[in-house]
Structure formats: structure tokens, C-alpha cells
*Asks:* 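Sharing a structure with you now.
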Amino acid sequence: MTDLTPFADLTVAVLLGGQSSEREVSFRSGDGVLGALGRLGLTAVGIDPGADLVAQLRDAGAGVVLSVLHGGCGENGAVQGLLDHAGIPYAGSGVLASALAMHKIQTKRILRAIGLPTPEWLTAGPGDDLGLVAAEAVETLGLPVVVKPVDEGSSVGVLIVDEAADVEAALAESVAKYREAFVDRFILGRELTVGVLGYGDGLHALPVLELVPKTRFYDYEAKYTKGLTDLLCPADIGDDATARVQAMAIEVHKAIGCHGVSRVDMHLDGDGQVWVHEINSIPGMTETSDVPAEATAAGMTYDDLVAEILASALPRMRAAGHGPLPPM
Ligand SMILES: Nc1ncnc2c1ncn2[C@@H]1O[C@H](COP(=O)(O)OP(=O)(O)O)[C@@H](O)[C@H]1O
Ligand SMILES: [Mg+2]
């Protein structure tokens, strides 16, 4: 059990909502986390960040922040930078790891540089000849291909394209909507995701979760519609694959520099090869989300999980002198 004594006299501000496409999911994550903090005997308040978040936190008497802002400025390091600048300690990943994790191409470049397997890709932005990118993608990656925005979440904007003739239009749509996009080699296999908790020597992977969507892939609908995806945890992939997938999740978490919590999304193909798609620095925390389901399989309650994530704020609290914020 995580020792929460250092948090006993503090108000924990849970950041929820935000301005990204994942605003609604974030409210659901926030509801879950606020409930847990209450059951853990802590004082907690939910805050939907406006333009002057620091003033909102001071008004609330916040001593520490736990953010479940998915996507956008909440997950890309911007909010973390604001909190660093204001000297407000928070749980979870810092600026650099958040920014890298949010940007799927930068994540993939790091994975490739250190020899971790991620599907081959081609980038596409506003200045590019998308016809040329599409032709090269079909030639080098084969069909189908996956077209994705670089920094969305919840499968928003992810397109699987079967026909060569449709790739350019998919890229044009993605670039028009999201500016930066990429084409990924399509991986046929089992969809796995693994949460990583802790920091420093205490890093540990949760049991592997297999997602079996009834839709073609794990799209937004499959993620958030009850009954559209079966969650199997621990995944029935054997001890060897389980160990490899968990070790890889920890390696990815370390390579990106995440702290406290992350979730690594992967595929296991028919040859037993693991492919890493992305790492999420603020994974979903709704009562039915992946990481809570993995925690349950590990024998942790939802409240234990929230307590362990919150405790990742301790190094920053020590650095900040560990107390409530001084008044303005
Ligand atoms: N290269 C790929 N091959 C097969 N499926 C993919 C590929 N990339 C993404 N997907 C599918 O799209 C989903 C969302 O992609 P992901 O990279 O995890 O982005 P996010 O979850 O941030 O939207 C994945 O869970 C998977 O189902
Ligand atoms: Mg994902």
C-alpha cells in the first residue's frame, strides 16, 4: 500500500476536462479519481483549467496536482510547464516526456534510435506533395496503410486505408484537419496495452491487457461504447510473450522519460513480434479504462492505483519544500 501521509494536510487538485477532443473522457477519468481520493481520506477538488490555471489552483489552496487531462495542452507538456514555472508539484510525467509522448513521430524516432520495434512510417505535412507521399507509402509499406494525426488520442482521426487510390485523399483529410500526419505500416495482430507505474527503482509493469474490438480496429466507438470491445486481462499470450511485452513497455516508458504512470499500446503479430505504436503519459482513468482493468488483474483496487499515481508527485513536493501554496 502506498503511504499517503505526506498528502494528509494538502488539497489535491485534480485537473479534468480541458480543451482537447478528449474533454468528455477526461471528465469521466476525473470523476473516478476524485471518488478514489475521497475514499482514501484526502481533500480533493476538481478543476477544469481556464486561461489562468495558476490563479484557479491558488484560489483552491491546491498543494499538489494530479492531472487527468487527456490530449492537448494537458498531456503535451504545456500544463506541466506552467506548473513547473509556478512551483506547484504534480504527479505524473514532466514537460519533456509529456511532449515526446504526445508526438507519435518523435516517440517513434526515439524507439527506432534505441532499437525498439515500431511500424515503419512516412511523415506528411502541409508543405508535402501528398500524391508523392501516398505513392511512396503504398510502395514501401504495402496495403492497407494506417493514416494517423501525430498528436491526437482515443483513435481520433485514425484511418485504415485499403486501396492505393484512396491514400492521398486520406492524407489530405488528415493534414487539413490536424496539420501533421503520418502513414504507418499496417500491423495485423493482437492488440495489447500495458500500464507502467512508479518511478526510479520502483518501476513496474501491470498485467498485459488484450483488446478484442468487434469493430475493425480499436476506434473511438470501440473504446467508449460498452460491449463493443472485449478486454482480456491478463492476456492469454503465454509467459514468454507476456514477459517480453512487459519488459518492452518499461523500456519505452524509460526511453521517453515518463514518470509515475504511462500506458504503452502495441500489437503482437502472427510471428510473435511485438510492435510499439505509442505511449500515453496520461492514460484513461475511467472505471472501465485499460489501466484500471490491469490494476484489478494485478490485485490492486482502483483506489490503490490512484494512490500510487499520486505518490509520484513526492519527488517534486520535496523539491518544492512540501507544503500548501503560499497566498498570492
Ligand atoms: N500501424 C498500425 N497497424 C494496425 N493498427 C493500428 C496501427 N496504428 C494504429 N492502429 C490502430 O489504431 C488505434 C489507435 O492508434 P494509436 O497509435 O494507439 O493512437 P491513439 O490511441 O493515440 O489514437 C490502435 O489502438 C490500433 O487499433
Ligand atoms: Mg492508443
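Quick note: numbers below take in every heavy atom, side chains included, and nothing from hydrogens, waters or symmetry partners. As the structure lists them, so they are numbered: ligands from 1, and atoms in each ligand from 1.
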*Asks:* What protein heavy atom is closest to atom 13 (C) of ligand 1, reported as residue, atom name and distance in Å?
*Replies:* Ser155 OG, 3.6 Å
*Asks:* Taking only heavy atoms of Glu152, which atoms of ligand 1 are found under 4.0 Å from at least one of them?
*Replies:*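 That gives atoms 22 (O) of ligand 1.
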*Asks:* Is Glu210 close to Asp236 at the side-chain level, that is, under 4.5 Å between some pair of heavy atoms?
*Replies:*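 The answer is no, as the side chains (C-beta and beyond) never meet within the 4.5 Å cut-off.
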*Asks:* Are the side chains of Asp184 and Leu141 in contact, using a 4.5 Å heavy-atom criterion?
*Replies:*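 A side-chain contact is absent here, since even the closest heavy-atom pair is not under 4.5 Å.
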*Asks:* With heavy-atom distances below 4.5 Å as the criterion, would you say the side chains of Ser21 and Val156 are in contact?
*Replies:* yes
*Asks:* By ring pair (Phe, Tyr, Trp, His ring centres under 6.0 Å), which residues pair with His267, not counting sequence neighbours?
*Replies:*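 Ring pair (Phe, Tyr, Trp, His ring centres under 6.0 Å) check on His267 returns His277.
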*Asks:* Tell me: protein heavy atom nearest atom 12 (O) of ligand 1, and distance?
*Replies:* Phe217 CD1, 3.4 Å
*Asks:* How about Ser262 and Asn280: do any of their side-chain heavy atoms sit closer than 4.5 Å?
*Replies:*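 Not touching, per the 4.5 Å side-chain cut-off.
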*Asks:* Would you say that Met248 contacts Pro117 through its side chain, given a criterion of any heavy-atom pair below 4.5 Å between the two side chains?
*Replies:* yes
*Asks:* How many N, O or S atoms of the protein are nearer than 2.8 Å to the Mg ion (ligand 2)?
*Replies:* 2
*Asks:* Quick check: do Ser155 and Lys223 have side-chain heavy atoms less than 4.5 Å from each other?
*Replies:*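 Yes; the side chains approach each other to less than 4.5 Å.
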*Asks:* Can you name the atoms of ligand 1, numbered from 1 with element, that are less than 4.0 Å from a heavy atom of Phe186?
*Replies:* 3 (N), 4 (C)
*Asks:* For atom 10 (N) of ligand 1, what's the nearest protein heavy atom and its distance?
*Replies:* Val146 CG1, 4.4 Å
*Asks:* What's the shortest distance from atom 4 (C) of ligand 1 to any protein heavy atom, and which residue and atom give it?
*Replies:*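 Going atom by atom, the protein heavy atom closest to atom 4 (C) of ligand 1 ends up being Ile187 O, 3.3 Å.
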*Asks:* In ligand 1, which numbered atoms sit nearer than 4.0 Å to a non-hydrogen atom of Lys223?
*Replies:*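 Those of ligand 1 that fall under 4.0 Å from Lys223 are 21 (O).
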*Asks:* Can you check whether Asp84 reaches Tyr90 side chain to side chain, under 4.5 Å on heavy atoms?
*Replies:*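 Asp84 reaches Tyr90 side chain to side chain.
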*Asks:* Going by the atom numbers of ligand 1, which of them fall below 4.0 Å from some non-hydrogen atom of Arg185?
*Replies:* 1 (N), 2 (C), 3 (N)
*Asks:* Looking only at protein heavy atoms, identify the closest one to atom 17 (O) of ligand 1 and say how far it is in Å.
*Replies:*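 The answer is Lys148 NZ, 2.7 Å.
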*Asks:* For atom 2 (C) of ligand 1, grab the closest protein heavy atom and report residue, atom and distance to one decimal in Å.
*Replies:*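 Result for atom 2 (C) of ligand 1: His277 CE1, 3.3 Å.
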*Asks:* Check the pair Tyr178 / Val150 against side-chain contact (heavy atoms from CB on, under 4.5 Å), numbers first and verdict last.
*Replies:* CA-CA 8 Å; Tyr178 307 105; Val150 295; over 6 Å; no
*Asks:* Just to confirm my output: which protein heavy-atom neighbour is closest to atom 5 (N) of ligand 1, and how far is it?
*Replies:*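 That would be His267 CE1, 3.4 Å.
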*Asks:* Would you mind listing which atoms of ligand 1 come within a distance below 4.0 Å of any non-hydrogen atom of Asp184?
*Replies:*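 Atoms satisfying the 4.0 Å criterion: 1 (N), 8 (N).
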*Asks:* Answer whether the closest heavy-atom distance between the side chains of Val145 and Trp121 falls below 4.5 Å.
*Replies:* no
*Asks:* Does Gly284 offer a backbone N or O that forms a donor-acceptor pair with the side chain of Asp290 under 3.5 Å?
*Replies:*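 Judged by distance alone, no pair lies under 3.5 Å.
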*Asks:* Among all the protein's non-hydrogen atoms, which is closest to atom 24 (C) of ligand 1, and how far away is it?
*Replies:* Glu191 OE2, 3.3 Å
*Asks:* Verify, without hydrogens or angle tests, whether Thr107 (side chain) and His103 (backbone) share a donor-acceptor contact under 3.5 angstrom.
*Replies:* yes
